[in-house]
Number of protein chains: 2
Amino acid sequence: MLTIGKLGTQAGVKVPTIRYYEQIGILPEAERSAGNQRLYSHKALERLAFIRHSRDLGFTLEAIRDLLSLSDKPDQSCSAADAIAKAQLREVESRIARLNALKSELERMVMQCAGGRIADCRVIEVLGDHSLCDSDHRHVEGNQ
Amino acid sequence: MLTIGKLGTQAGVKVPTIRYYEQIGILPEAERSAGNQRLYSHKALERLAFIRHSRDLGFTLEAIRDLLSLSDKPDQSCSAADAIAKAQLREVESRIARLNALKSELERMVMQCAGGRIADCRVIEVLGDHSLCDSDHRHVEGNQ
DNA sequence: CCTAGTGTCTCTAGCAACTATAGGTTCAAG
DNA sequence: CTTGAACCTATAGTTGCTAGAGACACTAGG
């Protein structure tokens with residue numbers, strides 16, 4: 001049995017985050033010691049590692065909730081898990097595409113900065129006037 | 001003079017967001033009509049477009065606050081604005097790198113899903129066991 | 001056995017950057 | 001003059017945590 005601190009260290013998750021996960025119901029309520037401290041089994045460590053790893057991959061806690069409920073019914077088809085992963089993949093690809101557009105625009109901005117006065121600064125100017133973006137690198141509506 | 005609704009439409013920003021920007025002091029308090037409704041000049045539209053555009057580029061509101069205060073003193077050197085843009089560029093590049101790593105891992109996960117039972121599902125398995133990540137595409141600590 | 005120091009407990013509030021809701025007022029069109 | 005859209009304020013909710021306060025539990029040394 002692990003204390004919350006050891007569990008956190010082993011899974012690479014901070015202690016308050018573990019308590020937060022329990023609070024929102026993504027981790028089950030832990031057993032308690034005589035002195036009311038949380039105690040965790042190896043199974044809990046696996047579950048937390050799963051969550052941590054999924055968060056690293058950019059899955060939302062909602063998606064992780066779905067994946068966990070799937071993994072609790074091991075005899076069903078894996079297509080739902082596949083769909084969640086594919087949606088996540090599409091999301092990541094779209095983020096990459098948008099970030100690449102931003103990157104080239106930022107590069108243009110920085111390259112055009114001649115170190116002059118603010119009044120002539122392309123960085124400020126480009127940010128103020130969308131029409132200065134060239135059409136190839138026009139950025140998209142919506143964020144992140 | 002524009003109402004808040006027209007301003008929002010022209011700048012591509014939602015009405016509550018404009019009021020929020022005013023509240024946090026990134027937009028100055030607007031003039032008011034006889035009936036207490038906000039009225040905006042063309043200058044306000046430019047400022048809001050600047051903010052919108054910068055947000056699209058991933059700048060935080062804090063960074064935008066700095067850029068705006070720079071553009072209010074047009075005789076200074078542009079090096080501060082340049083530094084902010086360069087920092088933002090580095091940030092974007094690092095996000096792209098991390099997302100590319102995630103992408104290849106997600107692709108591997110999805111490709112290995114044979115449509116079988118959950119018990120055999122690679123998606124679930126890979127998420128549960130970090131050691132299954134191959135070393136080339138190991139993902140990084142920290143998120144987004 | 002006591003004590004010091006760390007770890008843990010609960011609860012609450014805060015972060016970014018909005019979004020949504022409620023309940024009321026003002027304005028423009030017909 | 002009435003209707004309905006757009007506006008007003010104020011408050012609370014969102015996501016995924018993080019930080020703080022004040023109290024209790026556990027462990028190692030003397």
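What's counted below: heavy atoms across the whole structure, side chains too, no hydrogens, waters or symmetry copies. All values reported here derive from a predicted model rather than from experimental measurement. Here is how names work: the chains are called A, B, and so on, in the same order as the sequence lines, proteins then strands, and each is numbered from 1.
Residues passing the side-chain hydrogen bond (donor to acceptor under 3.5 Å, both in side chains) test with A:K103: none are found, sequence neighbours excluded. By the side chain to side chain contact (heavy atoms under 4.5 Å, CB included) test, A:Y20 pairs with A:I24, A:L61, sequence neighbours left out. Annotation: side-chain hydrogen bond (donor to acceptor under 3.5 Å, both in side chains) contacts of A:E31 (sequence neighbours excluded): none. With sequence neighbours excluded, no residue forms a salt bridge (Lys or Arg N to Asp or Glu O under 4.0 Å) with B:R90. Every salt bridge (Lys or Arg N to Asp or Glu O under 4.0 Å) that B:E91 has, sequence neighbours left out, goes to B:R95. Applying the salt bridge (Lys or Arg N to Asp or Glu O under 4.0 Å) criterion to B:E29, with sequence neighbours excluded, gives no partner residue. A search for side chain to side chain contact (heavy atoms under 4.5 Å, CB included) contacts involving B:S33 returns B:Q37, B:L39, not counting sequence neighbours.
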N/O donor to acceptor pairs below 3.5 angstrom from side-chain atoms of residues 1-12 of chain B, sequence neighbours left out:
| unit_1 | atom_1 | unit_2 | atom_2 | d |
| --- | --- | --- | --- | --- |
| B:T3 | OG1 | B:K6 | N | 3.4 |
| B:T9 | OG1 | B:G5 | O | 2.9 |

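Summarising the geometry, the separation between CE on B:M1 and C1' on D:dA6 is reported as 19 Å, rounded to the nearest angstrom. Straight-line distance from the OH atom of B:Y40 to the C1' atom of D:dC7: 11 Å, rounded to whole Å. We find that CG of A:L2 is positioned 16 Å from C1' of D:dC26, with the value rounded to whole Å. A:L7 places its CG atom 14 Å from the C1' atom of C:dT8, with the value rounded to the nearest Å. Rounded to a whole Å, the CD1 atom of B:I26 is 13 Å from the C1' atom of C:dC18. Across the protein-nucleic acid pair, A:K6 atom NZ and D:dC26 atom P stand 14 Å apart, rounded to whole Å. In this entry the distance linking CG of B:L27 with C1' of C:dA17 reads 14 Å, nearest Å. The CG atom of B:L39 sits 17 Å away from the P atom of D:dA6 (whole-angstrom rounding).
The CD atom of B:E46 sits 4.0 Å away from the NE2 atom of B:H42 when rounded to the nearest 0.5 Å. The CG atom of B:L89 sits 10.0 Å away from atom OG of A:S104, with the distance rounded to the nearest 0.5 Å. Remark: A:R52 CZ to A:Y21 OH distance equals 9.0 Å, nearest 0.5 Å.
Side-chain contact between B:I51 and B:F59 is absent, with no heavy atoms from C-beta onward closer than 4.5 Å. Within the 4.5 Å cutoff, no side-chain heavy atoms of B:L48 are placed close to those of B:Y40.
With DNA chain D read from its 5' end, the first of the two nearest nucleotides for A:Y21 and A:G35 is the one closest to A:Y21.
When atom types are taken as modelled, the side chain of B:R65 and the backbone of B:S69 share no donor-acceptor pair closer than 3.5 angstrom.
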Shorter than 3.5 Å, N or O on both sides, protein versus nucleotides 9-13 of chain D: list them out with atom names.
| unit_1 | atom_1 | unit_2 | atom_2 | d |
| --- | --- | --- | --- | --- |
| D:dT9 | OP1 | B:R32 | NH1 | 3.3 |
| D:dT9 | OP1 | B:R32 | NH2 | 2.9 |
| D:dT9 | OP2 | B:R38 | NH1 | 2.9 |
| D:dT9 | OP2 | B:R38 | NH2 | 2.8 |

Atom pairs, N/O to N/O, protein against nucleotides 19-24 of chain C, distance under 3.5 Å?
| unit_1 | atom_1 | unit_2 | atom_2 | d |
| --- | --- | --- | --- | --- |
| C:dT19 | OP2 | B:T17 | OG1 | 3.0 |

For nucleotides 1-7 of chain C, tabulate all protein N/O to nucleotide N/O atom pairs closer than 3.5 Å, reporting atom names and distance.
| unit_1 | atom_1 | unit_2 | atom_2 | d |
| --- | --- | --- | --- | --- |
| C:dG7 | N2 | A:Q37 | NE2 | 3.4 |

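Here B:S33 reaches the OP1 or OP2 of C:dC27: one of its side-chain N or O atoms lies under 4.0 Å away.
Note on the helix from C:dC1-D:dG30 to C:dG30-D:dC1: terminal axis deviation equals 10°, with five pairs used at each end and the result rounded to 10°.
With C:dC18, D:dC17, D:dG16 as the candidates, the nucleotide lying closest to the side chain of A:T60 is D:dG16.
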